[in-house]
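Source: prediction; values computed, not measured.
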Amino acid sequence: MHRIAAVAMSGRSRASGVVISGLYGSGKTTVVEEIADLLEGAEANYGALDLDWLWWFGTPGIQRREALVVLSANLASVVGVYLDAGVTRFVMAWSLRDPSDVSALRAALPFPIKVVELTVPLPLIEQRLSGSVTAARTADLREARRWFHQGLGTGLGDVQIDNDRPVREVAVEILTWLGWL
């Protein structure tokens, strides 16, 4: 048996994941990068994913529900490859909008997940996103404001963690909460 196959068979049943969520500009990707750095430094077994990249495509007229099907299929594929390589801890960034997003992720993943909701005051999000030069970040700022005022993307986490302090502190708090450190 190949080493990867043997590792995968032994690790699949122990796999678990965390989704770092929050409004656009709350620092999800940055926190996932910091968590990955800490896990790598501890020589831990992990995979890090920014789920936005798994549903960034263009098909005129496609509805959000249909795009979620693409995201779920891509996620299942990538996670399967990581599981086959022996990954047992998954750290993922994605702005969960409502409970259906959480359900879609849970249905796509063959292991349990916990959700961490990063909370950041809207003025800090505006500061973070308004300095960016890309049109996409300008759209993210508009969307963050809309979600904030409509109450979207909130209350979906198993825990809420303030992300208005050094990223290392936030990452350590999450890893400690997960029991991964």
Side-chain angles (χ1 to χ4, degrees), residues 12 15-36 39 46-85 87-120 122 125-126 128-130 132-161 163 167 170-171 174 178:
R12 279 186 186 264
S16 62
V18 62
V19 177
I20 310 300
S21 187
L23 298 177
Y24 297 99
S26 62
K28 300 172 298 295
T29 301
T30 301
V31 169
V32 166
E33 290 172 2
E34 191 69 16
I35 289 172
L39 290 172
Y46 75 94
L49 296 164
D50 187 327
L51 302 189
D52 281 334
W53 287 94
L54 299 181
W55 77 329
W56 191 347
F57 65 98
T59 304
I62 193 166
Q63 300 297 311
R64 188 172 196 283
R65 175 189 250 154
E66 297 164 318
L68 278 172
V69 170
V70 173
L71 168 67
S72 296
N74 285 340
L75 181 58
S77 178
V78 171
V79 164
V81 171
Y82 277 170
L83 286 167
D84 287 347
V87 171
T88 57
R89 292 182 186 126
F90 290 82
V91 184
M92 299 165 278
W94 194 40
S95 288
L96 298 164
R97 187 178 81 173
D98 56 45
S100 68
D101 287 351
V102 179
S103 297
L105 285 181
R106 289 201 164 115
L109 296 168
F111 48 78
I113 61 169
K114 293 184 178 180
V115 177
V116 172
E117 181 183 332
L118 297 180
T119 59
V120 179
L122 186 57
I125 288 174
E126 290 171 335
R128 288 175 178 176
L129 294 179
S130 64
S132 180
V133 296
T134 67
R137 290 314 256 175
T138 301
D140 288 347
L141 178 54
R142 255 192 327 274
E143 199 69 359
R145 287 177 177 143
R146 185 176 74 80
W147 282 30
F148 179 82
H149 293 298
Q150 293 180 0
L152 296 172
T154 62
L156 302 172
D158 297 306
V159 66
Q160 292 184 333
I161 295 180
N163 191 24
V167 68
V170 175
I174 292 168
L178 290 167

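Within the model, atoms CG of Leu178 and CD1 of Ile35 stand 7.0 Å from one another, a figure rounded to the nearest 0.5 Å. A distance of 4.5 Å separates CD1 in Ile113 from CZ in Arg106, rounded to the nearest 0.5 Å. Summarising the geometry, atom OG1 belonging to Thr154 is positioned 6.5 Å from atom CG belonging to Leu156; distances are rounded to the nearest 0.5 Å. One finds the CD1 atom of Ile20 at 11.5 Å from the OG1 atom of Thr30 (value rounded to the nearest 0.5 Å). How far CD1 of Ile174 is from CD of Glu34: 10.5 Å, rounded to the nearest 0.5 Å. Expressed to the nearest 0.5 Å, how far CG of Leu23 lies from CZ of Arg146 amounts to 11.0 Å.
Side-chain contact between Leu109 and Phe90 is absent, with no heavy atoms from C-beta onward closer than 4.5 Å. Residues Val18 and Asp158 are not in side-chain contact: their nearest non-hydrogen atoms beyond the backbone lie 4.5 Å or more apart. With contacts defined as side-chain heavy-atom distances shorter than 4.5 Å, the pair Leu83/Pro110 qualifies. No side-chain heavy atom of Leu51 sits less than 4.5 Å from a side-chain heavy atom of Lys28. Side-chain contact between Val167 and Glu33: absent, with no pair of heavy atoms (C-beta onward) separated by less than 4.5 Å. You'll find the side chain of Leu54 stays beyond 4.5 Å of the side chain of Met92, heavy atoms only. Counting heavy atoms from C-beta on, the side chains of Tyr24 and Ile125 never come closer than 4.5 Å. Within the 4.5 Å cutoff, the side chain of Thr59 has no heavy atoms near those of the Val70 side chain.
Minimum interatomic distance between Leu105 and Trp94 (heavy atoms only, all atoms of both residues): CD1-CE3, 3.7 Å. Nearest heavy-atom pair, Ala93 versus Val32, reported as atom, atom and distance to 0.1 Å: CB-CG2, 3.7 Å. Between Trp147 and Leu96, the shortest heavy-atom distance links the atoms CZ3-O, 3.6 Å. In plain terms, the two heavy atoms of Ala104 and Ser72 that are nearest each other are O-OG, 4.0 Å. Looking at every heavy atom in both residues, Ala48 comes nearest to Ala36 through CB-CB, 4.1 Å.
Residues Asn163 and Ser26 bring no donor and acceptor atom of their side chains to less than 3.5 Å of each other.
Side-chain N or O atoms of Ser77 include none that pairs as donor or acceptor with a backbone N or O of Ala73 at under 3.5 Å. Between the side chain of Ser16 and the backbone N or O of Pro112, no donor-acceptor pair lies under 3.5 Å.
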Go through the steps to decide whether Leu122 and His149 satisfy the test side-chain contact (heavy atoms from CB on, under 4.5 Å), and finish with yes or no. CA-CA 10 Å; Leu122 186 57; His149 293 298; 4.2 Å; yes
Salt bridge (charged side-chain N to carboxylate O under 4.0 Å, His left out) evaluation trace for Asp140 with Arg128: CA-CA 11 Å; Asp140 288 347; Arg128 288 175 178 176; over 6 Å; no
